[in-house]
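Counting starts at 1 for both ligands and their atoms, in listed order.
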Amino acid sequence: MNTEIDLSAFDVSKRRLIEGPSNRMMAIYPLKHTWAREVWKVMLANTWMAQEIDLSRDVKQYKELTEADRVMYDRSLAFLSNLDGIQFNNLTLNIGQYITSPEVSMAISRQSWEEANHVDAYETMIEAISLNPIELYTLFARDKVLAAKNEYIMRQSNVLGSDYSAENFALAVVANIILEGIYFYSGFLSFYTLAKMGKMLGSADMIRLIQRDEEVHLHLFVNMFKTLQQERPELFTTAFYQKVAVLFDEAVKLESSWGSYIIEGGVLGLTPQIISDYIKSLADDRLAMIGMPVMYAVKNPVPWVEKFSKVNGVEANFFESRVTSYSVGGQLKW
Ligand SMILES: [Fe+2]
Ligand SMILES: [Fe+2]
């Protein structure tokens, strides 16, 4: 017997999201965190490639956009491409290393691939539309608002790199719920608003595919949150929930001010108020997903986005986000 391999990692009753026994064998069956397997299957079913999207009309249309439309398009693309790069590294360098459930590790590795696929998708848009790639990727170096947003998100996603604790891991899970569920959405909204006017339709198709993935990532992290609540209830103190509320509130402020910045006060009927209310309604939706009270109670001012943002207008066939992982049988004893 190889004594370096921790055999207790094969005992499903001992498996934990973090700080459980682990080895490198990835023995996922029997499953403990069944939701992670469901996420994995949905992710595989959602596989797509940027080359499938026809951007030929966008190439022509981009040249016909108004200056304000173009500013909004470029700023959104710059931020979203930066964010997917940040998230790819966050998963591979930070989050991934602390997970001790092989089925969750698999879902995270697939998520990393999807974030890389999104990096590829944004690159495909930049190349097709003949934008200067370095100018776009480094817009933050000339744009203080974008720099501040990137910097805040990187600091949040880096908390584990410098200072691991179970509580910081749980906070990082919340930061990921916010990243996947809030920070993309001013940008997504700007692409859909252009497309609703018949502009840049290929770009919107690409964004729909990306958003479908981000929604699955959101569910992945919501399930991690719920799993931690079950496995590590001592982490979920009043002080912890207060920190979560602060993270949400900072995110809503940051994303609303970013949204009003990219529309420069108002483009195509979008106003700072509409963006702010939209972001608040998303935040409330995400808070409800993790069982927290809503913080804003505003009406979604752009209800058309819900259907408009779906790939082929089809509602995603989501698995349930509640944790069902403890009803699984099959217990290995060693
Ligand atoms: Fe992404
Ligand atoms: Fe994502």
- Query: Do any N/O/S atoms of Glu180 come under 2.8 Å of the Fe ion (ligand 2)?
  - Reply: yes

- Message: Of all the N, O or S atoms in Glu115, which has the shortest distance to the Fe ion (ligand 2)?
- Response: OE2

- Message: Does Arg24 have more than 12 heavy atoms from other residues, nucleotides or ligands lying within 6.0 Å of its CZ?
- Response: no

- Message: Under 4.0 Å between a side-chain nitrogen and a carboxylate oxygen: does that hold for Glu180 and Arg286?
- Response: no

- Message: Could you check whether Arg212 pairs with Glu214 (Lys NZ or Arg NE/NH1/NH2 to Asp/Glu carboxylate O, under 4.0 Å)?
- Response: no

- Item | N/O/S atom name from Glu214 that is nearest to the position of the Fe ion (ligand 2) | OE1

- With the Fe ion (ligand 1) as the point of reference, which N/O/S atom of His118 is the closest? ND1

- Message: Is Asp84 close enough to the Fe ion (ligand 2) that one of its N, O or S atoms comes in under 2.8 Å?
- Response: no

- Task: Using the test side-chain contact (heavy atoms from CB on, under 4.5 Å), find all partners of Val305 that sit at least two apart in sequence or belong to another chain.
- Result: Leu189, Tyr192, Tyr278, Val302, Ser309

- Is the distance between the ring centroids of Phe188 and Phe191 under 6.0 Å? no

- Query: Does the shortest distance from the Fe ion (ligand 2) to an N/O/S atom of His217 fall below 2.8 Å?
  - Reply: yes

